[in-house]
Amino acid sequence: MAITSSAVHCLVCGVFFLSIHLAEGDLRYSFPEEMRRGSVVGNIAKDLSLEVSKLSARKARIDTEGSDKHYFDIDIRNGDLVISDRLDREGLCGDKASCVLKQEIMLENPLELHRVNLHVQDINDNSPLFNKELIQIDISESAAKGARFPIEDAHDADVGQNSVQTYNLQKNEHFILGVGTNSVELVLSKELDREKLKEISLLLTALDGGSPQRTGTVTIHINVLDANDNVPVFQQPIYKTSMPENTPIGTVVLTVGATDADEGINGEVTYDFGHISDEVKAIFDIDNKAGEIKLMRAVDFETVSLFELRVTAKDGLGLTSYSKVIIDITDVNDNAPVIYTKSLSSPIPENVSSGTEVAIINVQDRDSENNGQVRCSIQENVPFKLEPSIKNYYSLVTTGHLDRELVSGYNVTIFATDEGSPPLSSSKTIQLSVADINDNPPVFEEQSYSAYVSENNKPGSTLCTVSARDPDWRQNGTVIYSLLPGEVNGASVSSYLSVNGDTGVIHAVRSFDYEQFRSFKVQVMARDNGSPPLSSNVTVSVFISDMNDNSPQILYPAPEGSSFMTELVPKAAHGGSLVSKVIAVDADSGQNAWLSYHIVKATDPGLFSIDLHSGEIRTQRDISASDSMKQNLIVAVKDNGQPSLSATFEPWEKIW
Ligand SMILES: *[C@@H]1O[C@H](CO)[C@@H](O)[C@H](O)[C@H]1NC(C)=O
Ligand SMILES: *[C@@H]1O[C@H](CO)[C@@H](O)[C@H](O)[C@H]1NC(C)=O
Ligand SMILES: *[C@@H]1O[C@H](CO)[C@@H](O)[C@H](O)[C@H]1NC(C)=O
């Protein structure tokens, strides 16, 4: 197992860029089997012209999905391709002359895929091996010079030069070695004489061509017989057949036959397998008498596509011939395509542009040719499509705008169907969720708000509630209310109103006075908690309504210090003459300021009347001598509020 580093070499067979995203090219490395774990096979960064510093971010890796073994790793620190598991060429490739492992190097962002062909070279780690330690041959003493006696050849698990190259027969008087392409024979070079020699033992050595050379030996024991005998002869030197991989167990795959010219027991031929592995022995059975080779266990084209069986035909005296049976396994569409998600970006921000790649899909079908050709499709009515990428890779890309507020997630089903007949198909559902972007400002439920409040309200009383909705997610949809700065009558709005940031309830901060102002407007802002935040503004108009909080005020006659007022009335006044007029005002408005005048008390109730609305005091009749010189009136002024307020006043009507 001497390994020289010069045995490791690399060849970049060309890198083509299919598009900006896709690169495809084959890397080829060649190295001996059985190298230590951690041995460096090549450097992919150098050979693919990749920046070492980006390997990690681009998730450079060997793609092993679909195969169960993981033989190689990429060292992200330097781009070395290193061996991560034992590579036994014989276990991997058996008798195949060339042992190539196909792997894929995958990079994301953008997706790149590189095929790597890893040629595992044979080292001479297996010796030639004979099927038996001792070969018994019976040879008649009458055998003619030049008669040939087949010997089962030796097997070496290595290939090429490392497999069996030559044979050496121990020096002796009677036999020499005849070696053909497919056979080893003892050739009688000098006649036998049983009377002189009953038995001969010879050592046969098989040598391979490896360095260092390995050998295997077998002892050939020859019994010299009295009688005449013939060797069985196979009808064909090599038998070939093919069968589909789904051939039922118990089927006779092929029948071998050999004839022996002898009669009786000497002509009875029995068949058996020669040197075959235990696994193959478990799959096929040979009927010793009939030569029928029967299938005992299911075969799988994807695992082994060809069997080579050595068969022997032996007559009653033990003379043996050798032949070979080659069974070709043909593919049947027995593997459904398998869909793999290689990369998935979920959640997807709702503002991604059309054509954004959200997942990488790989489809594999273990069958061959048409049975392994796969078509992929995607369900309809989703804003996604599959774009073929490299080989059996697809990109799942968006085809339109996403809106989380309308659809917050998708289950996208991908279908894969092969072209076998009948075709097999499979599907896979990918869950994609849409992430929120703060793309909706809060919207007030009303275009504007009005609040009505009676004056003299209590500070802290609720005026109204504003409310805005924002369909975005969490903080992007959390609404906070605030008053926009401004002035009402020269004072800051915040000295009049406050808004609860969470609930939008607007409170009066102070008591309002209708007589000072009747309405005012403020701006309320609803802002979400996104970053950056979005907002909308709304106008809130506050209308103050009047309360009957002012009593009528009498302006004339002016009450100076006391409520007494003296007016002089001419003695000759006729009925209906205007004597005086009471003038009063009320700071309130409307009904609250609608005044009426009444005489509530008079010395002579029939003498004066007051106009309800104008406050004019007139005589009701001519004044006569009998009337008192001094008439006393009490006048009340009432407003029409609920309850009404009044002022009273006592003019003295003095008649002269
Ligand atoms: C996707 O499928 C899962 C599992 O069946 C289900 O829980 C989820 O609600 C589905 N989502 C959508 C957007 O249909
Ligand atoms: C809110 O939106 C911003 C972008 O506008 C996004 O980055 C963030 O993740 C969103 N928040 C949530 C809780 O979805
Ligand atoms: C609301 O008013 C504030 C202050 O004037 C302003 O900064 C903001 O942009 C306004 N918002 C909208 C949506 O008009």
Side-chain angles (χ1 to χ4, degrees), residues 1-11 28-36 39 41 83 86-101 117-135 148-172 175-187 189 202-220 237-238 273-280 304 306-312 320 322-326:
M1 259 212 288
I3 298 161
T4 52
S5 65
S6 66
V8 180
H9 57 270
C10 157
L11 200 67
R28 203 187 104 109
Y29 297 102
S30 188
F31 55 92
E33 60 174 326
E34 305 287 359
M35 283 176 85
R36 265 186 302 107
S39 302
V41 165
I83 290 180
R86 179 179 170 223
L87 285 157
D88 172 28
R89 196 208 60 81
E90 288 74 38
L92 290 170
C93 300
D95 285 344
K96 275 191 222 156
S98 138
C99 185
V100 183
L101 295 182
N117 290 338
L118 295 139
H119 292 247
V120 183
Q121 296 167 339
D122 187 37
I123 62 168
N124 193 20
D125 54 351
N126 290 285
S127 301
L129 206 62
F130 286 96
N131 196 23
K132 295 175 187 157
E133 280 171 14
L134 181 71
I135 297 176
R148 301 175 90 89
F149 303 93
I151 307 287
E152 186 175 10
D153 57 355
H155 178 76
D156 188 319
D158 293 322
V159 292
Q161 276 299 308
N162 293 334
S163 67
V164 177
Q165 299 296 311
T166 55
Y167 290 88
N168 246 331
L169 184 65
Q170 183 188 344
K171 272 242 158 62
N172 68 95
F175 294 97
I176 56 167
L177 204 57
V179 181
T181 38
N182 236 331
S183 62
V184 185
E185 291 167 323
L186 290 186
V187 181
S189 57
L202 298 172
L203 196 66
L204 178 65
T205 308
L207 302 101
D208 66 23
S211 160
Q213 193 172 47
R214 288 169 175 262
T215 60
T217 56
V218 65
T219 304
I220 302 172
I238 291 182
F273 287 128
H275 181 99
I276 57 173
S277 70
D278 290 346
E279 292 99 60
V280 178
V304 184
L306 185 110
F307 289 96
E308 237 183 71
L309 312 172
R310 289 150 189 254
V311 286
T312 60
T320 310
Y322 303 94
S323 181
K324 216 186 240 183
V325 174
I326 294 174

When rounded to the nearest 0.5 angstrom, what is the spacing between [atom1] in [X] and [atom2] in [Y]?
X    : Y    : atom1 : atom2 : value
L101 : Y29  : CG    : OH    : 14.5 Å
S98  : H119 : OG    : NE2   : 6.0 Å
H275 : L129 : NE2   : CG    : 6.0 Å
L186 : F175 : CG    : CZ    : 6.0 Å
L202 : Q170 : CG    : CD    : 6.0 Å

Can you see which heavy atom on L87 is nearest to which on I83, and at what distance? CD1-CD1, 4.0 Å
Return the minimal non-hydrogen interatomic distance between R148 and G178, and the atom names on each side.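 Closest approach of R148 to G178: NH2-CA, 4.1 Å.
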Have N162 and D208 got a donor and an acceptor in their side chains that come within less than 3.5 Å? no
Given side chain to side chain contact (heavy atoms under 4.5 Å, CB included), test Q165 with Q213 step by step and report yes or no. CA-CA 10 Å; Q165 299 296 311; Q213 193 172 47; over 6 Å; no
Only counting residues at least two apart or in another chain, list the ones meeting side chain to side chain contact (heavy atoms under 4.5 Å, CB included) with T215.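 Checked T215 against side chain to side chain contact (heavy atoms under 4.5 Å, CB included); matches are T205, L207.
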Chi angles and distances behind the side chain to side chain contact (heavy atoms under 4.5 Å, CB included) call for E34, D88: CA-CA 6 Å; E34 305 287 359; D88 172 28; 3.4 Å; yes
Under a 4.0 Å N-O cut-off, is there an ion pair linking R89 with D125?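 A salt bridge is absent here (no side-chain N lies under 4.0 Å from a carboxylate O).
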State which residues pass ring-ring contact (aromatic ring centres under 6.0 Å, His included) with F149; sequence neighbours excluded, sorted by chain then number.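 F149 satisfies ring-ring contact (aromatic ring centres under 6.0 Å, His included) with no residue once adjacent residues are dropped.
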